[in-house]
Amino acid sequence: MRHLMSPLDFSVKELDSLLALADDIEKNPAKYAHACDGKILATCFYEPSTRTRLSFESAMLRLGGQVLGFSEAGSSSAAKGESVSDTIRVISCYADICAIRHPKEGAPLVGSQKSLIPVINAGDGGHQHPTQTLTDLLTIKQKKGRLDHLTIGLCGDLKFGRTVHSLIEALVRYEDVSFVLISPEELRVPSYIREEVLDANNIPYKEVERLEDAMADLDILYMTRIQKERFFNEEEYLRMKGFYILDPKKMELAKDDMIVMHPLPRVNEISVEVDTDDRANYFEQAQYGVYVRMALILTLLEVQV
Ligand code: CP
């Protein structure tokens, strides 16, 4: 039995197979419509979510399976003090696979340790969000045709943005990838990512504060929201909130084939006027999240189609 806690739990070869499966699912949905007949997915969300929870549920329903779960800790027995470990152990009596999101880093890992079924980390605090990374990799593959030879700009809250941490870890395994890290000083990528991931793998990167200084070099611009829920201080959040706003004027500085991605939700960091720019890909990115989660469910349940 296999869990997914980090994008590194899959080798590059396994990731290639997973992305190829997601591509086939997109092209031939009918072929997979009964692949999970009789199977149940549990979604245990201790933190708010729209995309991750609903795309997991959509994925299982599109595979012919069924779903159960809770969307807030307060409606589960966590409100009575039950541990994550006990909750997931019990859920594994009711379902065949489980996706868990939790505000505490490492909680899905703890939940997986006594589970009888595959457990997927659907986001743990400011740490990792591996299924968003699978979504991002599929989006890049489909839109750019490759995962190597790319310059990726990551912009916004690089300190608390777990999607950024997972994406960097996944992309450093591909050839000739470089990063431009665009953030205010206070929200720089954590030092463990700089030292243990970027420096340790000799990955070229630079850190800049102004989005305008990076735009012209980028193949991909990955915008992120300032993570209000991770700030200890409301005043500090309000100071950071409007730091980056991608608008049509800034888009004029970008290459014609640059793509704009965002894990969503956005608050105000991408102006709605950018939505009609052909280079804006964030809503398609959300759609790819369904195909890749279908592929992940099939892979972890070892269902052959
Ligand atoms: N991208 C993402 O994780 O969105 P949700 O918080 O809505 O699940």
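First listed ligand is number 1; within each ligand, the first listed atom is number 1.
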Legend entry - Part of Thr163 with heavy atoms under 4.0 Å of ligand 1, whether side chain, backbone, both or neither: neither
Legend entry - Within 45° cone and under 6.0 Å: Arg293 NZ/CZ vs Phe56 ring: yes
Legend entry - Donor on one side chain, acceptor on other, His149 and Asp176, under 3.5 Å: yes
Legend entry - Shortest non-hydrogen contact between Ile117 and Ser92, atoms and distance: CG1-CB, 3.5 Å
Legend entry - Check: Ser6/Gln128 side-chain N/O donor and acceptor closer than 3.5 Å: no
Legend entry - Taking atom 6 (O) of ligand 1 as the reference point, the nearest protein heavy atom with its distance: Arg101 NH1, 2.9 Å
Inset, instruction - Please write down residue, atom name and distance for the protein heavy atom closest to atom 7 (O) of ligand 1. - result: Thr50 N, 2.8 Å
Inset, instruction - Starting from atom 4 (O) of ligand 1, find the nearest protein heavy-atom neighbour and note its residue, name and distance. - result: Arg51 NE, 3.1 Å
Inset, instruction - Examine Thr52 against ligand 1 and note whether any of their N/O atoms are separated by less than 3.5 Å. - result: yes
Inset, instruction - Give the numbers and elements of all ligand 1 atoms closer than 4.0 Å to a heavy atom of Gln132. - result: 1 (N), 2 (C)
Legend entry - Heteroatom proximity flag, Leu264 to ligand 1, N/O under 3.5 Å: yes
Inset, instruction - Using a strict 4.0 Å threshold on nitrogen-to-oxygen distance, state whether Lys143 and Asp219 make a salt bridge. - result: no
Inset, instruction - Under 4.0 Å from a heavy atom of His129: give me the atoms of ligand 1 that qualify, with their elements. - result: 2 (C), 3 (O)
Inset, instruction - Using only heavy-atom distances, determine whether the side chains of His129 and Arg101 contain a donor-acceptor pair under 3.5 Å. - result: yes
